[in-house]
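Only one structure is covered here, and it is reproduced in the block below.
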2 protein chains.
Amino acid sequence: MRIGELAKLSNCDVETVRFYEREGLLDRPAREANGYRQYSDEHLTQLNFIRHCRSLGIGLTEVRILRRFQSTPDLACDEINQLIDKQIARIHEQTESLRQLERQLHALRDTCHANQKTGECGIMRTLEQAAEGEGCACHPEEKTR
Amino acid sequence: MRIGELAKLSNCDVETVRFYEREGLLDRPAREANGYRQYSDEHLTQLNFIRHCRSLGIGLTEVRILRRFQSTPDLACDEINQLIDKQIARIHEQTESLRQLERQLHALRDTCHANQKTGECGIMRTLEQAAEGEGCACHPEEKTR
DNA sequence: TTAACTGCCTGTAGCTGCTACAGGGTCAAG
DNA sequence: CTTGACCCTGTAGCAGCTACAGGCAGTTAA
(Lines give C-alpha, C1' and ligand atoms only; values in the text may rest on other atoms or scores of the structure.)
Protein backbone atom coordinates (compact mmCIF):
# COMPACT_ATOMS: atom_id res chain seq x y z
CA MET A 1 0.00 0.00 0.00
CA ARG A 2 1.04 3.60 -0.43
CA ILE A 3 1.67 6.15 2.28
CA GLY A 4 -1.80 7.69 2.16
CA GLU A 5 -3.54 4.38 2.80
CA LEU A 6 -1.10 3.42 5.54
CA ALA A 7 -1.62 6.75 7.24
CA LYS A 8 -5.39 6.41 7.09
CA LEU A 9 -5.31 2.85 8.43
CA SER A 10 -3.25 3.81 11.44
CA ASN A 11 -5.11 7.04 11.85
CA CYS A 12 -2.23 9.43 11.56
CA ASP A 13 -0.92 12.04 9.22
CA VAL A 14 1.12 11.29 6.09
CA GLU A 15 3.75 13.77 7.23
CA THR A 16 3.97 11.97 10.55
CA VAL A 17 4.69 8.68 8.82
CA ARG A 18 7.56 10.26 6.89
CA PHE A 19 8.73 11.85 10.12
CA TYR A 20 8.89 8.46 11.86
CA GLU A 21 10.87 7.08 8.95
CA ARG A 22 13.35 9.93 9.14
CA GLU A 23 13.63 9.32 12.89
CA GLY A 24 14.43 5.67 12.27
CA LEU A 25 11.32 4.44 14.10
CA LEU A 26 9.65 2.96 11.08
CA ASP A 27 11.54 0.67 8.68
CA ARG A 28 12.33 2.18 5.30
CA PRO A 29 9.82 0.86 2.78
CA ALA A 30 10.56 -0.34 -0.75
CA ARG A 31 9.95 2.13 -3.55
CA GLU A 32 7.88 1.88 -6.68
CA ALA A 33 9.47 2.77 -10.02
CA ASN A 34 8.18 6.32 -9.63
CA GLY A 35 9.73 6.71 -6.19
CA TYR A 36 6.52 6.24 -4.21
CA ARG A 37 6.83 4.41 -0.90
CA GLN A 38 5.46 0.85 -0.93
CA TYR A 39 4.37 -0.45 2.48
CA SER A 40 3.60 -3.94 3.74
CA ASP A 41 1.37 -5.16 6.57
CA GLU A 42 4.49 -5.40 8.70
CA HIS A 43 4.91 -1.65 8.33
CA LEU A 44 1.32 -1.14 9.38
CA THR A 45 1.92 -3.19 12.51
CA GLN A 46 5.07 -1.20 13.28
CA LEU A 47 3.24 2.06 12.83
CA ASN A 48 0.34 0.92 15.00
CA PHE A 49 2.84 -0.07 17.66
CA ILE A 50 4.38 3.38 17.61
CA ARG A 51 1.02 5.16 17.65
CA HIS A 52 -0.20 2.99 20.49
CA CYS A 53 2.88 3.77 22.55
CA ARG A 54 2.46 7.46 21.75
CA SER A 55 -1.16 7.31 22.86
CA LEU A 56 0.20 6.12 26.21
CA GLY A 57 2.42 9.19 26.38
CA ILE A 58 5.56 7.15 25.77
CA GLY A 59 8.24 9.33 24.18
CA LEU A 60 9.90 8.59 20.87
CA THR A 61 13.18 7.75 22.60
CA GLU A 62 11.42 5.12 24.69
CA VAL A 63 9.53 3.79 21.67
CA ARG A 64 12.88 3.35 19.95
CA ILE A 65 14.06 1.31 22.94
CA LEU A 66 10.95 -0.86 22.91
CA ARG A 67 11.33 -1.45 19.18
CA ARG A 68 14.86 -2.66 19.83
CA PHE A 69 13.57 -5.06 22.49
CA GLN A 70 11.14 -6.50 19.95
CA SER A 71 14.00 -7.81 17.89
CA THR A 72 15.65 -9.53 20.86
CA PRO A 73 12.90 -11.66 22.46
CA ASP A 74 15.36 -13.62 24.60
CA LEU A 75 16.52 -10.71 26.70
CA ALA A 76 15.11 -10.25 30.20
CA CYS A 77 12.11 -7.96 30.19
CA ASP A 78 13.21 -6.23 33.36
CA GLU A 79 14.10 -3.06 31.51
CA ILE A 80 10.72 -2.92 29.83
CA ASN A 81 8.99 -3.00 33.19
CA GLN A 82 11.27 -0.28 34.46
CA LEU A 83 10.59 1.83 31.42
CA ILE A 84 6.85 1.60 31.99
CA ASP A 85 7.29 2.28 35.70
CA LYS A 86 9.24 5.40 34.93
CA GLN A 87 6.51 6.45 32.55
CA ILE A 88 3.86 5.93 35.22
CA ALA A 89 5.86 7.99 37.69
CA ARG A 90 6.28 10.79 35.20
CA ILE A 91 2.59 10.91 34.34
CA HIS A 92 1.69 10.79 38.01
CA GLU A 93 3.89 13.77 38.76
CA GLN A 94 2.38 15.72 35.90
CA THR A 95 -1.15 14.89 37.04
CA GLU A 96 -0.35 16.09 40.54
CA SER A 97 1.12 19.38 39.42
CA LEU A 98 -1.79 20.01 37.07
CA ARG A 99 -4.23 19.30 39.88
CA GLN A 100 -2.46 21.88 41.99
CA LEU A 101 -2.57 24.33 39.10
CA GLU A 102 -6.29 23.81 38.80
CA ARG A 103 -6.77 24.63 42.48
CA GLN A 104 -4.66 27.74 42.12
CA LEU A 105 -6.57 28.95 39.10
CA HIS A 106 -9.88 28.42 40.85
CA ALA A 107 -8.65 30.43 43.82
CA LEU A 108 -7.63 33.19 41.43
CA ARG A 109 -10.93 33.02 39.60
CA ASP A 110 -12.81 33.38 42.88
CA THR A 111 -11.31 36.81 43.45
CA CYS A 112 -13.51 38.26 40.69
CA HIS A 113 -16.97 37.30 39.56
CA ALA A 114 -18.70 40.58 38.85
CA ASN A 115 -18.10 42.38 35.60
CA GLN A 116 -16.00 45.31 36.65
CA LYS A 117 -13.44 47.65 35.27
CA THR A 118 -10.02 46.14 34.71
CA GLY A 119 -8.59 48.44 37.38
CA GLU A 120 -10.86 46.89 39.99
CA CYS A 121 -10.85 43.35 38.69
CA GLY A 122 -10.01 40.97 41.51
CA ILE A 123 -8.05 38.68 39.21
CA MET A 124 -5.92 41.49 37.86
CA ARG A 125 -5.33 42.89 41.33
CA THR A 126 -4.37 39.50 42.67
CA LEU A 127 -1.88 39.01 39.87
CA GLU A 128 -0.46 42.47 40.39
CA GLN A 129 -0.18 42.09 44.13
CA ALA A 130 1.63 38.82 43.63
CA ALA A 131 4.06 40.62 41.35
CA GLU A 132 4.74 43.10 44.16
CA GLY A 133 5.49 40.22 46.47
CA GLU A 134 2.44 40.67 48.68
CA GLY A 135 1.21 37.09 48.57
CA CYS A 136 -1.78 35.95 46.58
CA ALA A 137 -4.92 33.86 46.72
CA CYS A 138 -3.59 31.39 44.19
CA HIS A 139 -0.40 30.51 46.06
CA PRO A 140 -1.57 30.62 49.67
CA GLU A 141 1.06 28.26 51.05
CA GLU A 142 3.78 30.76 50.17
CA LYS A 143 2.33 33.25 52.62
CA THR A 144 3.27 31.16 55.61
CA ARG A 145 6.82 30.44 54.53
CA MET B 1 20.10 46.85 38.82
CA ARG B 2 21.71 44.65 36.20
CA ILE B 3 20.26 41.58 34.54
CA GLY B 4 21.91 39.08 36.88
CA GLU B 5 20.42 40.66 39.98
CA LEU B 6 17.00 41.02 38.38
CA ALA B 7 17.04 37.39 37.34
CA LYS B 8 18.01 36.24 40.81
CA LEU B 9 15.32 38.39 42.47
CA SER B 10 12.58 36.97 40.32
CA ASN B 11 14.07 33.52 40.43
CA CYS B 12 14.58 32.96 36.75
CA ASP B 13 17.37 32.59 34.27
CA VAL B 14 19.26 35.52 32.74
CA GLU B 15 18.61 34.10 29.29
CA THR B 16 14.90 33.94 30.05
CA VAL B 17 14.85 37.65 30.90
CA ARG B 18 16.46 38.50 27.57
CA PHE B 19 14.01 36.14 25.90
CA TYR B 20 11.03 37.98 27.44
CA GLU B 21 12.46 41.27 26.25
CA ARG B 22 12.83 39.95 22.70
CA GLU B 23 9.24 38.70 22.89
CA GLY B 24 8.04 42.15 23.90
CA LEU B 25 6.76 40.98 27.27
CA LEU B 26 9.21 42.94 29.34
CA ASP B 27 9.85 46.64 28.68
CA ARG B 28 13.23 47.43 27.13
CA PRO B 29 15.52 48.69 29.87
CA ALA B 30 17.90 51.65 29.69
CA ARG B 31 21.53 50.84 28.95
CA GLU B 32 24.71 51.75 30.77
CA ALA B 33 27.55 53.31 28.83
CA ASN B 34 29.04 49.86 28.28
CA GLY B 35 25.81 48.49 26.87
CA TYR B 36 24.72 46.61 30.00
CA ARG B 37 20.97 46.58 30.71
CA GLN B 38 19.88 48.80 33.59
CA TYR B 39 16.65 47.70 35.29
CA SER B 40 14.28 49.50 37.66
CA ASP B 41 11.88 48.17 40.30
CA GLU B 42 9.12 48.55 37.73
CA HIS B 43 10.89 45.99 35.59
CA LEU B 44 11.12 43.64 38.54
CA THR B 45 7.37 43.94 39.10
CA GLN B 46 6.73 43.27 35.41
CA LEU B 47 8.95 40.23 35.46
CA ASN B 48 7.35 38.90 38.64
CA PHE B 49 3.96 39.35 37.00
CA ILE B 50 5.07 37.31 34.01
CA ARG B 51 6.63 34.59 36.14
CA HIS B 52 3.57 34.38 38.34
CA CYS B 53 1.31 33.97 35.32
CA ARG B 54 3.66 31.34 33.93
CA SER B 55 3.57 29.47 37.24
CA LEU B 56 -0.20 29.28 36.70
CA GLY B 57 0.37 27.72 33.30
CA ILE B 58 -0.76 30.85 31.49
CA GLY B 59 0.83 31.00 28.04
CA LEU B 60 2.98 33.86 26.80
CA THR B 61 0.25 34.97 24.37
CA GLU B 62 -2.20 35.30 27.25
CA VAL B 63 0.36 37.05 29.43
CA ARG B 64 0.82 39.57 26.64
CA ILE B 65 -2.95 40.16 26.66
CA LEU B 66 -3.02 40.60 30.44
CA ARG B 67 -0.13 43.06 30.25
CA ARG B 68 -2.13 45.09 27.75
CA PHE B 69 -5.11 45.13 30.12
CA GLN B 70 -2.86 46.51 32.83
CA SER B 71 -2.37 49.68 30.86
CA THR B 72 -6.11 50.23 30.34
CA PRO B 73 -7.67 49.99 33.82
CA ASP B 74 -11.01 51.45 32.67
CA LEU B 75 -11.92 48.60 30.33
CA ALA B 76 -14.41 45.97 31.48
CA CYS B 77 -12.65 43.00 33.06
CA ASP B 78 -14.95 40.54 31.39
CA GLU B 79 -12.28 39.36 29.02
CA ILE B 80 -9.87 38.73 31.86
CA ASN B 81 -12.37 36.45 33.55
CA GLN B 82 -12.94 34.63 30.29
CA LEU B 83 -9.23 34.23 29.78
CA ILE B 84 -8.86 32.64 33.20
CA ASP B 85 -11.91 30.46 32.62
CA LYS B 86 -10.43 29.20 29.38
CA GLN B 87 -7.21 28.47 31.21
CA ILE B 88 -9.08 26.51 33.88
CA ALA B 89 -10.90 24.52 31.22
CA ARG B 90 -7.66 23.74 29.42
CA ILE B 91 -5.92 22.57 32.57
CA HIS B 92 -8.93 20.52 33.57
CA GLU B 93 -8.94 18.73 30.24
CA GLN B 94 -5.25 18.01 30.53
CA THR B 95 -5.67 16.67 34.05
CA GLU B 96 -8.44 14.37 32.90
CA SER B 97 -6.51 12.97 29.98
CA LEU B 98 -3.45 12.44 32.16
CA ARG B 99 -5.54 10.62 34.73
CA GLN B 100 -6.82 8.34 32.00
CA LEU B 101 -3.27 7.80 30.80
CA GLU B 102 -2.26 6.80 34.29
CA ARG B 103 -5.03 4.21 34.44
CA GLN B 104 -4.02 2.84 31.05
CA LEU B 105 -0.39 2.57 32.02
CA HIS B 106 -1.29 0.76 35.24
CA ALA B 107 -3.42 -1.70 33.28
CA LEU B 108 -0.47 -2.25 30.96
CA ARG B 109 1.92 -2.64 33.86
CA ASP B 110 -0.33 -5.26 35.43
CA THR B 111 0.16 -7.54 32.44
CA CYS B 112 3.73 -8.27 33.54
CA HIS B 113 5.25 -8.46 36.98
CA ALA B 114 7.64 -11.36 36.83
CA ASN B 115 11.05 -10.98 35.33
CA GLN B 116 10.75 -12.88 32.10
CA LYS B 117 12.20 -12.97 28.67
CA THR B 118 11.21 -10.10 26.42
CA GLY B 119 9.40 -12.53 24.14
CA GLU B 120 7.07 -13.53 26.96
CA CYS B 121 6.82 -10.15 28.67
CA GLY B 122 3.16 -9.29 29.18
CA ILE B 123 3.77 -5.61 28.53
CA MET B 124 5.52 -6.24 25.27
CA ARG B 125 2.88 -8.74 24.19
CA THR B 126 0.11 -6.35 25.05
CA LEU B 127 1.71 -3.61 23.02
CA GLU B 128 2.28 -5.93 20.11
CA GLN B 129 -1.25 -7.30 20.17
CA ALA B 130 -2.57 -3.78 20.18
CA ALA B 131 -0.49 -3.07 17.12
CA GLU B 132 -2.14 -6.04 15.41
CA GLY B 133 -5.51 -4.57 16.23
CA GLU B 134 -6.49 -7.27 18.73
CA GLY B 135 -7.49 -4.96 21.57
CA CYS B 136 -5.42 -4.38 24.66
CA ALA B 137 -5.56 -4.15 28.43
CA CYS B 138 -4.67 -0.47 28.40
CA HIS B 139 -7.49 0.65 26.10
CA PRO B 140 -10.32 -1.65 27.18
CA GLU B 141 -13.14 0.63 26.05
CA GLU B 142 -12.06 0.19 22.46
CA LYS B 143 -12.82 -3.54 22.62
CA THR B 144 -16.53 -2.97 22.89
CA ARG B 145 -16.81 -0.50 20.09
C1' DT C 1 -5.46 18.18 -26.04
C1' DT C 2 -5.24 20.23 -22.14
C1' DA C 3 -6.55 21.44 -17.78
C1' DA C 4 -7.74 20.23 -13.27
C1' DC C 5 -7.31 17.28 -9.49
C1' DT C 6 -5.40 14.13 -6.28
C1' DG C 7 -1.60 12.00 -4.42
C1' DC C 8 3.11 11.55 -3.94
C1' DC C 9 8.17 13.44 -3.55
C1' DT C 10 12.11 16.29 -1.00
C1' DG C 11 13.52 19.78 1.91
C1' DT C 12 12.93 23.31 5.08
C1' DA C 13 10.68 26.30 8.48
C1' DG C 14 7.44 26.87 12.21
C1' DC C 15 5.13 25.96 16.72
C1' DT C 16 6.11 26.66 22.65
C1' DG C 17 9.02 28.32 26.14
C1' DC C 18 12.78 28.33 27.02
C1' DT C 19 18.03 26.62 27.27
C1' DA C 20 22.65 26.41 25.69
C1' DC C 21 26.15 27.48 23.31
C1' DA C 22 29.90 30.37 20.46
C1' DG C 23 32.54 34.17 20.37
C1' DG C 24 33.33 38.31 22.21
C1' DG C 25 33.62 42.69 25.54
C1' DT C 26 34.00 44.86 30.67
C1' DC C 27 35.78 45.36 34.97
C1' DA C 28 37.70 44.45 39.60
C1' DA C 29 40.93 41.66 42.39
C1' DG C 30 45.26 39.11 43.04
C1' DC D 1 48.90 40.39 33.35
C1' DT D 2 45.93 37.02 34.07
C1' DT D 3 42.00 35.08 36.14
C1' DG D 4 37.18 35.19 37.04
C1' DA D 5 32.57 36.86 37.19
C1' DC D 6 29.73 39.28 34.81
C1' DC D 7 27.62 41.17 30.50
C1' DC D 8 26.71 41.41 25.15
C1' DT D 9 24.64 39.50 20.40
C1' DG D 10 23.23 35.94 17.60
C1' DT D 11 22.09 31.41 16.55
C1' DA D 12 20.85 26.51 17.23
C1' DG D 13 18.63 23.01 19.87
C1' DC D 14 14.87 20.44 22.52
C1' DA D 15 9.80 17.27 21.42
C1' DG D 16 6.77 15.84 18.26
C1' DC D 17 4.99 16.94 15.06
C1' DT D 18 2.68 20.31 11.32
C1' DA D 19 2.78 23.10 7.34
C1' DC D 20 4.35 24.88 3.69
C1' DA D 21 7.08 25.52 -1.12
C1' DG D 22 8.03 23.73 -5.35
C1' DG D 23 7.66 19.98 -8.23
C1' DC D 24 6.52 15.21 -10.43
C1' DA D 25 2.94 11.16 -11.47
C1' DG D 26 -1.23 9.49 -12.96
C1' DT D 27 -6.18 9.69 -13.71
C1' DT D 28 -10.18 11.95 -15.31
C1' DA D 29 -13.32 15.62 -17.47
C1' DA D 30 -14.28 19.48 -20.85
Side-chain angles (χ1 to χ4, degrees), chain A residues 1-26 28-39 43 46-47 49-67 83 86-87 90-91 93-94 97-98 101, chain B residues 1-26 28-39 43 46-67 86-87 90-91 93-94 97-98 101:
Chain A
M1 75 194 92
R2 309 231 266 227
I3 197 167
E5 201 189 341
L6 180 78
K8 201 181 289 174
L9 283 175
S10 56
N11 197 30
C12 80
D13 204 287
V14 165
E15 314 266 16
T16 306
V17 176
R18 284 197 276 251
F19 169 73
Y20 289 151
E21 182 184 326
R22 268 202 307 282
E23 291 293 304
L25 282 156
L26 193 60
R28 300 218 121 94
R31 298 285 184 141
E32 294 176 27
N34 54 18
Y36 288 13
R37 290 171 178 81
Q38 193 48 263
Y39 293 100
H43 286 106
Q46 282 180 19
L47 184 52
F49 181 86
I50 298 167
R51 295 304 291 173
H52 190 242
C53 289
R54 292 292 303 123
S55 82
L56 291 168
I58 297 172
L60 295 186
T61 309
E62 285 78 30
V63 176
R64 236 181 298 261
I65 294 167
L66 289 175
R67 291 267 287 116
L83 192 149
K86 220 178 268 178
Q87 184 65 14
R90 215 169 50 76
I91 299 293
E93 248 174 63
Q94 276 182 35
S97 88
L98 276 183
L101 248 186
Chain B
M1 75 194 91
R2 310 231 267 226
I3 198 167
E5 200 188 342
L6 180 78
K8 200 181 291 173
L9 283 175
S10 56
N11 198 30
C12 79
D13 204 289
V14 165
E15 315 265 16
T16 306
V17 176
R18 285 196 276 251
F19 169 73
Y20 289 151
E21 182 184 325
R22 269 201 308 282
E23 291 293 302
L25 282 157
L26 193 59
R28 301 219 121 92
R31 298 286 184 140
E32 295 177 28
N34 53 17
Y36 288 12
R37 289 171 178 81
Q38 194 45 263
Y39 292 100
H43 285 106
Q46 282 179 21
L47 184 53
N48 281 337
F49 181 86
I50 299 167
R51 295 305 290 173
H52 190 241
C53 290
R54 293 291 304 124
S55 82
L56 290 168
I58 297 171
L60 294 186
T61 310
E62 285 77 31
V63 176
R64 236 182 299 261
I65 294 168
L66 289 175
R67 291 268 288 119
K86 220 177 271 175
Q87 184 65 14
R90 215 170 50 75
I91 298 295
E93 248 175 63
Q94 278 181 36
S97 87
L98 276 183
L101 250 186

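Quick note: numbers below take in every heavy atom, side chains included, and nothing from hydrogens, waters or symmetry partners. Throughout, a chain's letter reflects where its sequence line sits, starting with A, and its residues are numbered from 1. Predicted, not measured: the structure shown is a model, and the values here were computed from it.
- Contact annotation: side chain of Tyr20(A) to base of dG16(D), donor-acceptor pair absent below 3.5 Å.
- One donor-acceptor pair, N or O on each side, does fall under 3.5 Å between the base of dC20(D) and the side chain of Glu15(A).
- Looking at Gln38(B) and Arg31(B), their side chains never come closer than 4.5 Å, going by heavy atoms from C-beta outward.
- Side chains of Arg51(B) and Tyr20(B) form a contact here, defined as non-hydrogen atoms less than 4.5 Å apart.
- Using a 4.0 Å heavy-atom distance criterion, Arg51(A) is classed as a sugar-phosphate-only contact.
- Residue Thr16(B) has a polar side-chain atom (N or O) positioned under 4.0 Å from OP1 or OP2 of dT19(C).
- The distance from the CG atom of Leu26(A) to the CZ atom of Phe49(A) is 12.5 Å, given to the nearest 0.5 Å.
- Closest contact between the side chain of Tyr36(B) and the listed nucleotides dC7(D), dG17(C), dC8(C) involves dC7(D).
- Residue Arg31(B) places at least one side-chain N or O under 4.0 Å from the OP1 or OP2 atom of dT9(D).
- Atoms CD (Glu23(B)) and P (dT16(C)) sit 9 Å apart, rounded to a whole Å.
- Of the candidate nucleotides dA25(D), dT18(D), dC8(D), dT18(D) has the atom lying nearest to any side-chain atom of Arg22(A).
- When the P atom of dT16(C) is taken as reference, atom CZ of Arg90(B) falls 12 Å away, rounded to whole Å.
- Rounded to whole angstrom, the span from the CG atom of Asp13(B) across to the P atom of dA20(C) amounts to 7 Å.
- Distance Tyr39(B) OH to dC7(D) C1': 11 Å, rounded to the nearest Å.
- Between the CD atom of Gln38(B) and the P atom of dC8(D) there is a distance of 10 Å, rounded to whole Å.
- Along DNA chain C, the nucleotide closest to Lys8(A) and the one closest to Ile58(B) are compared, and the more 5′ of them pairs with Lys8(A).
- The side chain of Arg37(B) contributes an N or O atom lying less than 4.0 Å from OP1 or OP2 of dT9(D).
- Atom CD of Glu21(A) is separated from atom P of dG16(D) by 19 Å (rounded to the nearest Å).
- Rounded to a whole Å, the CG atom of Asn11(B) is 13 Å from the P atom of dC18(C).
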Verify salt bridge (charged side-chain N to carboxylate O under 4.0 Å, His left out) between Lys86(B) and Glu62(B), making sure each step is shown before the conclusion. CA-CA 10 Å; Lys86(B) 220 177 271 175; Glu62(B) 285 77 31; over 6 Å; no
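- The shortest distance between side-chain heavy atoms of Glu32(B) and Arg2(B) falls below 4.5 Å.
- Using modelled atom types, one side-chain atom of Arg64(A) and one backbone atom of Glu23(A) make a donor-acceptor pair closer than 3.5 Å.
- Checking the phosphate oxygens (OP1, OP2) of dC9(C), a side-chain nitrogen or oxygen of Arg18(A) falls inside 4.0 Å.
- Arg54(A) has a side-chain polar atom (N or O) that falls below the 4.0 Å cut-off from OP1 or OP2 of dC17(D).
- When distances are taken from the side chain of Asn34(A) to each of dG26(D), dT10(C), dC17(D), the shortest belongs to dG26(D).
- For the pair Phe19(A) CZ and dC9(C) C1', the computed distance is 18 Å after rounding to whole Å.
- In this model, the phosphate group of dC6(D) is not approached by any side-chain N or O of Arg2(B) to a distance below 4.0 Å at OP1 or OP2.
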